[in-house]
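Chain letters run A, B, ... following the sequence lines, proteins first, then strands; residues in each count from 1. This structure is a prediction, so every number in the text was calculated from the model and none was measured.
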Amino acid sequence: MTLDSGTTRAQFELDDRGFDEVPRKYRKFYRKWLGDDADELAPNEVLCPVCKVVVRSSRELFEGDRIYCMACMTRMRVVRVNGRLEGQVEY
Amino acid sequence: MTEDLHDTSPEAFDRQVRSFSFWFDSVRDYLPSEDGRVLPPDDLPESERDTLITILCSYVIGETMALDGAGALILSAPNREAKIFLATQAVDEGRHLEILIQRMRELGVSDVDAELKVRANPFLLEFQKRLLQLTSAGRWEHALFAQNVILEAMEFATFHHHLGRADARTKAILEGIVKDERRHIGFGENELGRALRRDAGLGAELSRLRMELDYLVLGSFEHTLSELRIPQDERPVLKRSYLDAVERLGFA
């Protein structure tokens, strides 16, 4: 996928990882976080700071993107902190 | 272009996640039921039975408080979506209360109220009185802060920590409760985050309330953590998850 800015985003095929806290059709957008030592986020994933669930998108995430955590109903913007993408709660 | 949940508008997202149908579709696969998911068999060692009963007494008080609070908050909620969400939360709290009492009965408790009288966490009882005052006063933001931020964050942190060392049956119960708590915490934090943006004076009022309640919250933590025999060096981690929530809202 190419954005208006000319930046290309990688696309991802999302699979159901067994996250059963949201309606079935949205489960592929979430997975459990295994902790700092055991988990590494992919370019299409961000950790929800409110409930510590991994939020996933079908495309690579960039700073400024809006994402939603359905597990805790939080809206976020993707920000870069210490080189890593994180979700910043947007009230 | 691939259809992506995150392309939804913020308004449509808020409307959807606060609906009863969203709630039902979310909880249907993790609730224990007669024909579907069942709890694992009891493997609790007899030597740990008494301790677990004491801990469950605190949880029952907490969930009773949360049920009363969620029900009372419906009256002062500022819009229909918030009222509907709180109705789903009240159902969650009622289910938690029921399943925790059922667990106490499985452990041999015949008179739950009698056990609560002798084993109750005094800090939690004091918090219960204060929460009732706040919800009765009808001040939406103050009561929501005490209920959905402070109480829910306290429960979330405690249950999350407990399930890591619980027997299989209690663990399965707590896992289900923690899944519900995520929604309650998120609702409280998001509602208050927006209210704080609209009302510049609200932050100072809630900071004072937080300082007043911190004594009871941290006292309650200490009491429950002692019952759970969690080592001193692990306790700051648990308190941290509570403090993170209040700090995100600007109450450092």
Problem set entry | Minimum heavy-atom distance between A/D20 and B/D29, given as atom pair plus value | OD2-O, 4.1 Å
For this session: State the CG-CG distance between B/D7 and A/D65, to the nearest 0.5 angstrom.
Result: 9.5 Å
Exercise. Got a sec: does the CZ of B/R194 have more than 12 other heavy atoms crowding it under 6.0 Å?
Worked result: yes
Exercise. Given that the side chain runs from C-beta out, which part of A/V50 has a heavy atom under 4.5 Å from chain B: side chain, backbone, both or neither?
Worked result: both
For this session: Go through the steps to decide whether A/R75 and B/N190 satisfy the test side chain to side chain contact (heavy atoms under 4.5 Å, CB included), and finish with yes or no.
Result: CA-CA 8 Å; A/R75 300 185 219 152; B/N190 284 290; 5.5 Å; no
Exercise. So, are A/K25 and B/D25 salt-bridged, with charged N and O less than 4.0 Å apart?
Worked result: no
Exercise. Is there a donor-acceptor contact under 3.5 Å from the side chain of B/H6 to the main chain of A/S58?
Worked result: no
Exercise. If you draw a 6.0 Å radius around CD in A/Q88, do more than 12 non-hydrogen atoms from other residues or ligands fall strictly inside?
Worked result: no
Exercise. Going by heavy atoms in the side chains, are A/M70 and B/Q16 under 4.5 Å from each other?
Worked result: yes
Exercise. Considering all heavy atoms of both residues, which atom of A/Y68 and which atom of B/S9 are nearest to each other, and what is their separation?
Worked result: OH-C, 3.2 Å
For this session: Could you tell me which portion of A/C69 (side chain, backbone, both or neither) has an atom closer than 4.5 angstrom to a non-hydrogen atom of chain B?
Result: backbone
Exercise. Heavy-atom distance under 4.5 Å to chain A: side chain of B/D14, backbone, both or neither?
Worked result: side chain
Exercise. Does any non-hydrogen side-chain atom of A/T74 lie less than 4.5 Å from one of B/E189?
Worked result: no
Problem set entry | Heavy-atom closest pair, residues B/R182 and A/C51 | NH1-O, 2.8 Å
Exercise. What are the two closest heavy atoms between A/P23 and B/F22, and how far apart are they?
Worked result: CD-CE1, 3.4 Å
For this session: Under 4.5 Å heavy-atom distance to chain B, tell me which part of A/R27 shows up: side chain, backbone, both or neither.
Result: side chain
For this session: Count the heavy atoms of every other residue, nucleotide or ligand shown that sit under 6.0 Å from NZ of A/K52, and state whether that count exceeds 12.
Result: yes
Exercise. Should the heavy atoms of other residues, nucleotides or ligands under 6.0 Å from CD of B/E81 be counted, would the total exceed 12?
Worked result: yes
Problem set entry | More than 12 heavy atoms of other groups within 6.0 Å of A/E40 CD | no
Exercise. When only pairs under 4.5 Å are counted, which of A/F29, A/Y91, A/Y26 shares the most heavy-atom pairs with chain B?
Worked result: A/Y91
For this session: Taking the side chain as every heavy atom from C-beta outward, state whether A/E21 and B/S26 have any pair of such atoms under 4.5 Å apart.
Result: no
Exercise. Under 4.0 Å between a Lys/Arg side-chain N and an Asp/Glu carboxylate O for B/D4 and A/K28?
Worked result: no
Seminar exercise, completed: When the 4.5 angstrom heavy-atom criterion is applied to B/S21 and chain A, the contacting part is neither
For this session: Side chain from CB out, backbone as N, CA, C, O: work out which of these in B/F24 comes under 4.5 Å of a heavy atom of chain A, or both, or neither.
Result: neither
